[in-house]
**Student:** 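Take a look at this one; I'll ask things after.
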2 protein chains.
Amino acid sequence: MTSVAQTYHHGDLRTALLHAAAKRLAEHGVDSLSLRKLAEDAGVSRTAPYHHFKDKSALLSAIAAKGFSDWHSAAKRIFEQDEKSPKERFREFVREYVGYAVDNPEMYELMFGRTIWQNNAATSDLKDVAFPCFQFQVTMTKFWQEKGLLPNNQDALRLAQVTWGTLHGIARLLIDGIYADSSHIQEMCDCAADLFMQQK
Amino acid sequence: MTSVAQTYHHGDLRTALLHAAAKRLAEHGVDSLSLRKLAEDAGVSRTAPYHHFKDKSALLSAIAAKGFSDWHSAAKRIFEQDEKSPKERFREFVREYVGYAVDNPEMYELMFGRTIWQNNAATSDLKDVAFPCFQFQVTMTKFWQEKGLLPNNQDALRLAQVTWGTLHGIARLLIDGIYADSSHIQEMCDCAADLFMQQK
DNA sequence: AGGCTATGTTGACACTGTCAAGATAAAACT
DNA sequence: AGTTTTATCTTGACAGTGTCAACATAGCCT
């Protein structure tokens with residue numbers, strides 16, 4: 001990919017670290033992700049990363065930010081498929097949401113886990129990318145309410161919180177292997193969609 | 001409380017460790033819970049705990065097991081309030097569930113977080129206490145289906161997974177401070193309950 | 001009394017995040 | 001051009017972690 005001559009200054013350590021981190025994240029999970037290993041991956045000393053990220057949390061936030069931006073694009077793409085009926089799109093969104101989480105458990109864990117959000121530890125960079133995602137959930141909810149798929153007598157924000165909460169909860173139960181296994185994804189998603197769209 | 005003379009053998013180190021752990025858990029969270037500190041709390045050397053717990057994960061599992069057993073009692077108590085209508089009990093269960101999570105965020109995180117469930121790491125002791133809780137959720141769901149509060153055309157297991165998923169998701173969003181703050185608990189719970197019991 | 005077993009001890013190891021102080025290169029300024 | 005400032009990277013160090021191995025003590029059983 002980028003083969004820069006070995007110099008004292010790395011050249012683009014920041015993105016090199018992020019790439020290494022994304023790789024390790026997907027392969028070994030967020031828990032076994034250490035700055036020192038990332039530095040080694042990038043062929044640099046243990047403390048070099050600190051010139052690009054305030055601390056470990058900041059690096060994780062940066063990865064999560066990328067995740068949110070990807071997520072937002074994917075959600076938009078599904079939501080804006082005009083050729084499909086709103087009902088179909090809703091079902092698809094539910095399946096895609098849970099599917100994304102199950103296919104990228106470590107990234108999902110990072111994005112929506114306590115690690116980076118706890119104690120308001122989230123970087124403002126992270127918030128700038130994540131909040132539009134939250135907002136988009138509300139936008140979609142309003143749309144589905146207007147189309148009569150979701151109850152109209154509920155506040156859109158609350159309803160968005162609850163519907164997202166449901167998807168989030170299902171995703172987490174599946175990922176953490178608590179209460180369900182992945183062979184039931186489809187059925188669980190459809191059950192949730194049916195529940196939301198009762199008698200519609 | 002328990003003032004045993006200082007002897008070479010502690011006497012009841014196992015429960016002393018569990019108590020210390022529960023205290024530290026509630027006060028400082030699961031992340032800053034170290035075996036060495038617990039040993040110090042109990043007035044014992046760093047490696048003494050290993051004679052009572054296989055490893056850190058086993059100790060955490062033991063605390064979680066206690067949490068599940070408490071949780072099960074509480075759920076039963078609410079569910080069996082015969083003087084209240086099923087509908088009322090359902091609403092109350094929703095509020096209690098989320099309320100418990102918000103009031104005991106660290107314990108909830110431990111019980112339903114990835115720490116102890118990941119990679120099928122759960123002790124069989126833990127599973128023995130936790131699985132009945134999961135089962136109870138299904139039992140309650142069946143009851144509410146029979147009472148006409150929840151859709152009868154859904155498989156009880158799926159529906160239980162989805163309803164629990166919803167409560168779990170809401171709880172997590174609140175705890176992790178991702179998408180909602182605790183001033184909206186009541187409204188979110190009621191919105192969820194309304195959603196489940198549409199047109200009932 | 002003797003020995004077995006449960007329980008406790010210190011020592012050691014590899015690993016972690018992070019700070020401080022110094023080295024080097026590149027960029028900016030005069 | 002030369003000089004200075006700034007960005008980047010280095011080694012050294014520290015406190016903290018889980019966990020293993022080897023050894024010490026004490027209680028229990030025969």
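Values below: every heavy atom of this structure, side chains too, minus hydrogens, waters and symmetry copies. Nothing here was measured: the structure is a model prediction, and the numbers come from that model. Chain letters run A, B, ... following the sequence lines, proteins first, then strands; residues in each count from 1.
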**Student:** Of all residues at least two apart in sequence or in a different chain, which pass the side chain to side chain donor-acceptor pair (under 3.5 Å) check with A/Arg95?
**Tutor:**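 In terms of side chain to side chain donor-acceptor pair (under 3.5 Å), with neighbours along the sequence ignored, A/Arg95 is linked to A/Asp190.
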**Student:** Over 60° means perpendicular and under 30° means parallel, so tell me whether A/Trp144 and A/Phe93 are parallel, tilted or perpendicular.
**Tutor:**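 Geometry flag for A/Phe93 against A/Trp144: tilted rings.
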**Student:** List in numerical order all residues of residues 108-118 of chain B for which some heavy atom is under 4.0 Å away from an atom belonging to DNA chain C.
**Tutor:**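 Result for residues 108-118 of chain B: none.
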**Student:** How about A/Asp194 and B/Gln154: does a side-chain donor come under 3.5 Å of a side-chain acceptor?
**Tutor:**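 Note: A/Asp194 and B/Gln154 side chains meet the donor-acceptor criterion.
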**Student:** Please list, in numerical order, the residues of residues 13-29 of chain B that have a heavy atom closer than 4.0 Å to any atom of DNA chain C.
**Tutor:**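 Only B/Leu13 qualify.
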**Student:** Does a nitrogen or oxygen in the side chain of B/His52 sit under 4.0 Å from OP1 or OP2 of C/dG8?
**Tutor:**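 Yes.
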**Student:** Does any part of the side chain of A/Gln81, heavy atoms only, come nearer than 4.5 Å to the side chain of A/Glu92, both counted from C-beta?
**Tutor:**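 In contact.
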**Student:** Would you please name every residue forming a side chain to side chain contact (heavy atoms under 4.5 Å, CB included) with A/Ser85, sequence neighbours left out?
**Tutor:**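 A/Ser85 satisfies side chain to side chain contact (heavy atoms under 4.5 Å, CB included) with A/Lys87, A/Glu88 once adjacent residues are dropped.
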**Student:** Would A/Phe79 and A/His72 count as a close aromatic pair, with their ring centres under 6.0 Å?
**Tutor:**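 No; A/His72 has its ring centre 6.0 Å or more from that of A/Phe79.
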**Student:** Can you check each nucleotide of nucleotides 13-20 of chain D against protein heavy atoms at under 4.0 Å and return B for base, S for sugar-phosphate only, - for none, in 5' to 3' order?
**Tutor:** B---BBBB
**Student:** Taking ring-ring contact (aromatic ring centres under 6.0 Å, His included) as the definition, give me every residue that meets it alongside A/Tyr179, ordered by chain and number, with sequence neighbours left out.
**Tutor:**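 Checked A/Tyr179 against ring-ring contact (aromatic ring centres under 6.0 Å, His included); matches are B/Phe134, B/Trp164.
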**Student:** Does a donor on one side chain sit under 3.5 Å from an acceptor on the other, for A/Asp12 and A/Thr15?
**Tutor:**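 Result is yes, a qualifying pair exists.
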**Student:** Send over the distance from A/His51 NE2 to C/dT24 P, rounded to a whole Å.
**Tutor:**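 Rounded to the whole Å, the gap is 15 Å.
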**Student:** Using atom CZ of A/Phe53 as one end and atom P of D/dA7 as the other, report the distance to the nearest whole Å.
**Tutor:**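 Taking CZ of A/Phe53 and P of D/dA7, I get 17 Å after rounding.
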**Student:** Could you tell me whether a side-chain N or O of A/Lys56 sits under 3.5 Å from a main-chain N or O of A/Leu33, the two making a donor and an acceptor?
**Tutor:**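 Yes; at least one donor-acceptor contact below 3.5 Å.
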**Student:** Rounded to whole Å, how long is the line connecting atom CD of A/Glu40 with atom C1' of D/dC9?
**Tutor:**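 Rounded to the whole Å, the gap is 16 Å.
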**Student:** Under 3.5 Å, is there a donor on one side chain and an acceptor on the other for B/Asp181 and B/Ser183?
**Tutor:**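 Side chains of B/Asp181 and B/Ser183: pair found under 3.5 Å.
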